[in-house]
K.L.:
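One structure coming up, written as C-alpha cells, with questions to follow.
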Amino acid sequence: MKDLPKAYSPKDYEAQLYAAWEKSGAFAPDPDPKKEPYSIMLPPPNATGTLHLGHATMLALQDILIRFKRMQGFSTLWLPGTDHAGIATQSVVEKKLQTGGMKHPRQELGREGLLAEIRSFVEQSKDTIRNQMRKMGASVDWSRERYTNSEDMNHAVNTLFKMMYEDGLIYRGDRIVNWDPKMQTTVADDELEYEEEKSPFYTFQYGPFQIGTSRPETKFGDKVVVMHPDDPRYKKFKHGEKIGPFEWINGPTTATVIKDEAIDMEFGTGVMTITPWHDATDFGIAERHKLEKVQVIDAQGRLLPIAGEFAGEKIHDARPKIVEKLKEKGLLVSTDENYMHNVAVSYRGKGKVEPQIMKQWFVDVNKPVVDWKGKKLSIKEVMQDVVNSKMIRIVPDRFEKTYFHWIDNLRDWCISRQIWWGHRIPVWYKGEEIAAGETSPGEGWVQDEDTLDTWFSSGLWTFSTLGWPEKTPDLMKFAPSSVLETGYDILFFWVARMILMSTYALRKTGFDEAHSIPFKDVYLHGLIRDIRGKKMSKSHPETCIDPLDMIEKYGTDAIRLSLIIGGTPGNDMRLYEEKIAGYRNFVNKIWNGARFVLLNLDETDAPIDSAALSRADKWILTRLNEITVQVTTLIETYQFSEAGLKVYDFFWGEYCDWYVEMSKVAKNPAVLKHVLETSLALLHPFMPFVTEALWSELRPGSQLMTHTWPTTSPAWNFPDEADEMSRIMSLVTAIRSLRSEGNVDATKKIHVIVYAHEDLQIVEDKAEVIKRLANLGQLDLSETGPKVDKALTTFVGDLEIYLPLADLLDLGAEKLRLEKEINNLEGYLKSLSTKLSNEGFTKNAPKAVLDQEQAKLADATQKLEKMKGQLGELGV
RNA sequence: GGGCGGUUAGCUCAGUUGGUUAGAGCGCCACAUUGACAUUGUGGAGGUCGGUGGUUCGAAUCCACUAUCGCCCACCA
C-alpha cells in the first residue's frame, strides 16, 4: 500500500526529477559503440531574452524524439546552445542603454565598451534560457552546450571564410544593398519585411514625358528615362535617343531614352526615370545598359550636394519642399494622396530600409567549386541536388517546392554587416593589399571593421558544434544529424543556409557526399497562435501565453501535451489556456490510475500467468500490443499528435474506463501492473515527469527514461477475444443508454440480436433481453443507480454471450444496412480481383504489397459470406 | 502576378496511400457520487465535412472549376 496524494502536484516532482535525470548521466550519448547514433542539434535560441511558446514547442518535439530513440537503444545526442543573433542583440542592448539615458551608445562606449555590455547581457540571457529549458524537461546534453559566438565557433567561421575566399566564393563588390539607416547596417534580402504605407504619389512633367514617383527626393540625378520597347505610346522615341534640355528641379537637364522590358506598361504612364543608387530594379536596368550611377542620399539618410539647395536635409523633411518647388515651376501634373505601397523594413532592427550601393562582402552562389558526385557544382546546384535526390527529406514535403522556388531565385548573398556584435570579418587590409585569415598577416595590416551576417555562423551549427574543422570523434559519429526540427518560418534563413555551408565545408575537408549534408530529415512545425489565430505578441497580453506561467500553473507535462496534440506538421496551431487545463486533467488521470494499481498490487508481484487470463485480460493485452505498434510507427513518421492521442485514448478510454473498472470485481494484479507500466513507457516521451514519478513508485530505484521502449508481446495477442470483448462493451453501452432513458421497464418493441453460445435468438422484447442478461450475470437490472451502472461494466468480463452486432436495431434497417454493405463489398471484391489480374500490377508490385492485396481479397470474401449468412438468418 | 495552406459539431482541431454508422477535447443538457480520480463517472443533444460538377460499387479523402480566409515569394517607378 502506497500513500500517494489524491492529486498530482507537478511542482513537488519536476525540478527534483530533472536533477536526477541529469545526474544519472543519461542525457549524454551512450558511449557503447554497438549503439547506433541518433543526433539532433537544437536550433539555438537567440540569446536576447526569454523562451516563448515557439521554443517550447520545439523543445517538446525534439525531446519526444530523443527520449523515444534513447529508450529504443540508440546512442542519442541532443546538443543545446544559443545564438548570438548579431543585429537583434545589438539592437536590444542599444535600446536598453538608450532608455537608460545614453544617447549614442556606439559613440559613447566605443567598440570594446559596447561589446562588453552586450556580452554581459548575453550571459544573463543564456542563464535564463538554460533554466527554462530545464523546466521544459529537455533532455539535452549540457556537457556539450555551444554558443555561436564562442572562440571555437569563431575559429570554425574564420576557417570556412578563408576556404571560401580562396575558392573565389567570397568576393567584395559594389552592389546595391538594403541599408538600414537606423541600425547603420546592411540587411539581407530575406530579412526584409514589408509594411503597407499610404503616401502621396506624384506625377511630374519630365521633358516630353510624365513620370510617376512616390520618392521625388531621389530624382535629382535622374538622367535616364525608361519605357517598354513594345509600348505603342512611345514608339517615336528611339533607344539611346537624347532628350532635352528641359527644365527640372534645379534647372535645365537632359535625358537619354532607354527601352527595357522590366517596365510595366500598365503602371502609371508607362515611363519612369531611374535612380540606380537607391533602387534595386533601377540598379538592374543600369547594369544591363551600362549606365552611370549617382548617389543622392547618404548613409544617414541625408541628401548629398547633388540636391543643390536641399543638400544636408533629411529626406523626410526635404520631400514636401521639393514637391512645392516642382509645383511652382509648373512641373507637378497631379498628386494621388491615397496611394498605398509597401515599404521595406528591417526584420531585426525595424528600421526603414534605404537601398544604397556599397562595398560589401558576398558569397557567390553560382560559381562551380564543389566536387559533387563526380562533377563541379555551384553551391546553388548542390543545394538543389541534396533535396532532389532525397538525401535530405523535408517533412511535410510540400515545403520542398517552396525550397526549390527560393533557390531558383537565389542571388549572391551579402554577408557583411556594419555592426560590432558578431564574428568580425577575417580580412585584413594594407594599402591596396587584401588578405583573408584568422590572424593579422603582420605589421601595418588593419582588420575589416564589419562583422558577418549571423546566419553565416549559424549555418555552421550542425558541424561546428561537433568540433569542425577538427575531425573529432563526435563529428565522425554524429554528423550528419538525424533530423532538424524547426519552424517553417526559418526554412530560408537557416535551413537552406545550413545545407549550403555544410555541403561545402564538409566536402572540402574530406567527407563524402552522404556525410556532408547537415541532417537527413527536416521536420517543420507550425507557428503557435493565440485563440484568435493571431501571432502572439506582447501587445496583446490577454491572449499571449508565457510558457513559464503555464508550467507554474499546470505543470510541464500538461503544456507539452497541449503543444503537441492537435498540431500537424507545417500547420499553425492555436493555443489557449483551457486546452492546457484539459491535458492537466489527463496528467492527473494517469496519476490516479496508477494510484489504483498501487493500492491493488499483489504482494507476491508474480509475473503474468498466461494460462490464467480472463477475457478482459486478453482484451487489454491485445489492445496494448496494437497501441504499442501504432505509437511506435507514428512517432517514427513524425506524426506526434496522432501518436499522443492514441495512448491518451487508450489509457483513459480503455484502460481506466473499462479495464480498471472491471478489476474492481475480478482483478489480475500482474496484468494491471503490466499495462500501466507499458503505458507509462509509451507516454514517457510526451510527458516525462509524471511518468517518471510514477515509475519510481512502481519500481523503486529504476529509471524510466533509460528503460527499454515497449515492444509487442506475441504471446499475449488474442484478436478473437479482443473482438468479442469490444462487442460486449458496445452492448453494455447500449443497455446503459436505454437505462439512462428510463426505459428499463419499457415495453416498446426493440429488436435485439443476441447470439448466444450456439443458437441464434432474435429477441424482440427488450424486457426479455434485460431478463436474460440479468440471469446470466445475477443482476437486478430493474434497479437504477450507480450500483447497476458499475455492475454492468464489471460483469461483462464474465458475460458468456457473443454479440456480433452490439446494438439495438430495427430489423428492417438492419436488413437495408446489410444489403448495402454486401453491395459495397461485392464492388470492392471486383476492384480487388481486377487489380490482381492486371499483369502490369502483379509484375511490378513488391511481394509484400501483393500479399497484402491477396489477404484483403480473402478477408473481404469471408466477410461477404458471413454477411450473406446473416442476411439469410434475419429472414425478414 | 506566382506559389502554398485552411474551410469538418457552438469553439479549437484530428481524420496519410478512398472502405462499416465522420471522431476528440472544451462548452452545453440530464443523471450519478463516502474508496484510484469532481482535475470524476454515465448517458445525451449537436455535423447535407465551404459550394458545384466529375471519377468510383463506395468520396471529408482523388480530379476540375469556384467561393472565402490566411501565409510565403516577387513587384510596386
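Please read all numbers here as calculations on a predicted model, not as lab measurements. Just so we're on the same page: letters track the sequence lines, and every chain starts at 1.
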K.L.:
Between the protein and nucleotides 3-11 of chain B, list the N/O to N/O atom pairs that are separated by less than 3.5 angstrom.
P.N.:
unit_1, atom_1, unit_2, atom_2, d
B:C4, OP1, A:Lys401, NZ, 2.5

K.L.:
I'd like to know whether A:Tyr638 forms a side-chain contact (heavy atoms from CB on, under 4.5 Å) with A:Leu524, so could you lay out the CA-CA distance, the side-chain angles of the two residues, the decisive distance to 0.1 Å, and finally the verdict.
P.N.:
CA-CA 10 Å; A:Tyr638 303 115; A:Leu524 299 167; over 6 Å; no
K.L.:
For A:His525 and A:Tyr488, indicate whether the former's side chain and the latter's backbone hold a donor-acceptor pair under 3.5 Å.
P.N.:
no
K.L.:
Less than 4.5 Å apart, side chain to side chain, heavy atoms only: is that true for A:Ile580 and A:Leu575?
P.N.:
yes
K.L.:
Do NZ/NE/NH1/NH2 and the carboxylate oxygens of A:Asp557 and A:Arg560 come within less than 4.0 Å?
P.N.:
no
K.L.:
Considering only the P atoms, how many Å lie between B:U40 and B:G46, rounded to the nearest integer?
P.N.:
25 Å
K.L.:
What about A:Glu661: does its side chain form a donor-acceptor pair under 3.5 Å with the base of B:A36?
P.N.:
yes
K.L.:
Using only side-chain N and O atoms of A:Lys6, determine if any of them is under 4.0 Å from OP1 or OP2 of B:C37.
P.N.:
yes
K.L.:
Looking at A:Phe651, I'd like to know if the NZ or CZ of A:Lys589 sits under 6.0 Å from its six-membered ring centre while staying within 45 degrees of the ring's axis.
P.N.:
no
K.L.:
Look only at the side chain of A:Asp222 and the backbone of A:Val224, and say whether a donor-acceptor pair between them is shorter than 3.5 Å.
P.N.:
no
K.L.:
Rounding to an integer number of Å, can you tell me how far A:Leu601 CG sits from B:G35 P?
P.N.:
20 Å
K.L.:
Grab the CG-P distance between A:Asp397 and B:U17 for me, whole Å please.
P.N.:
15 Å
K.L.:
Passes side chain to side chain donor-acceptor pair (under 3.5 Å), A:Asp260 versus A:His228? Steps please.
P.N.:
CA-CA 5 Å; A:Asp260 193 289; A:His228 197 280; over 6 Å; no
K.L.:
Tell me which nucleotide, if any, is Watson-Crick or G-U wobble paired with B:A24 when both distances must be under 3.5 Å.
P.N.:
B:U12
K.L.:
Expressed as a whole number of angstroms, how long is the span from A:Lys589:NZ to B:U39:P?
P.N.:
12 Å
K.L.:
Students often get this wrong, so: under 4.0 angstrom with heavy atoms, is A:Val587 touching a base, only sugar-phosphate, or nothing?
P.N.:
nothing
K.L.:
Roughly, in whole Å, what's the span from OH in A:Tyr403 to C1' in B:C71?
P.N.:
21 Å
K.L.:
Among B:A36, B:A77, B:G41, which is the nearest nucleotide to the side chain of A:Phe201?
P.N.:
B:A77
K.L.:
C1' atom, B:U39 versus B:G51: distance in rounded Å?
P.N.:
43 Å
K.L.:
Do any of residues 641-654 of chain A sit with a heavy atom less than 4.0 Å from RNA chain B, and if so which?
P.N.:
A:Glu642, A:Tyr648, A:Trp652
K.L.:
Whole angstrom is fine here: how far is it from CG in A:Asp279 over to C1' in B:A74?
P.N.:
14 Å
K.L.:
Would you state whether a donor and an acceptor, one from the side chain of A:Glu578 and one from the base of B:U12, lie under 3.5 Å apart?
P.N.:
no
K.L.:
Touch check for A:Gly582, heavy atoms < 4.0 angstrom, all strands: base, sugar-phosphate only, or nothing?
P.N.:
nothing
K.L.:
Verify the contact: side-chain N or O of A:Asn585 to OP1 or OP2 of B:U40, cut-off strictly under 4.0 Å; return yes or no.
P.N.:
yes
K.L.:
Quantified in whole Å, what is the P atom distance between nucleotide B:U34 and nucleotide B:G41?
P.N.:
16 Å
K.L.:
Need the pair for B:U42. Rule: Watson-Crick or G-U wobble, both distances under 3.5 Å, any strand; none if unpaired.
P.N.:
B:A30
K.L.:
Measure from OH on A:Tyr488 to P on B:C72 and round the result to the nearest Å.
P.N.:
7 Å
K.L.:
Among B:C76, B:A77, B:A36, which nucleotide has an atom closest to any side-chain atom of A:Thr281?
P.N.:
B:C76
K.L.:
Check for me whether the distance between the ring centres of A:Tyr554 and A:Tyr583 falls short of 6.0 Å.
P.N.:
no
K.L.:
When we call it a touch if two heavy atoms are under 4.0 Å apart, what does A:Ile565 touch: a base, just sugar-phosphate, or nothing?
P.N.:
nothing
K.L.:
Can we call the ring centroids of A:Trp591 and A:Phe596 under 6.0 Å apart?
P.N.:
no
K.L.:
Taking the side chain of A:Ala7 as heavy atoms from C-beta outward, which of B:U16, B:A77, B:U39 is closest to it?
P.N.:
B:U39
K.L.:
Side chain of A:Thr568 only, heavy atoms from C-beta on: which candidate in B:A14, B:U16, B:C37 is closest?
P.N.:
B:A14
K.L.:
Side chain of A:Asn592: nearest nucleotide among B:C76, B:C37, B:C26?
P.N.:
B:C37
K.L.:
Would you mind checking if A:Glu697 and A:Arg595 are paired as a salt bridge, meaning a charged N to carboxylate O distance below 4.0 Å?
P.N.:
no
K.L.:
In whole angstrom, what separates A:Tyr523's OH from B:U16's C1'?
P.N.:
13 Å
K.L.:
For the backbone of A:Asn588 and the side chain of A:Asn592, can you confirm whether one donor and one acceptor N or O come within less than 3.5 Å of each other?
P.N.:
yes
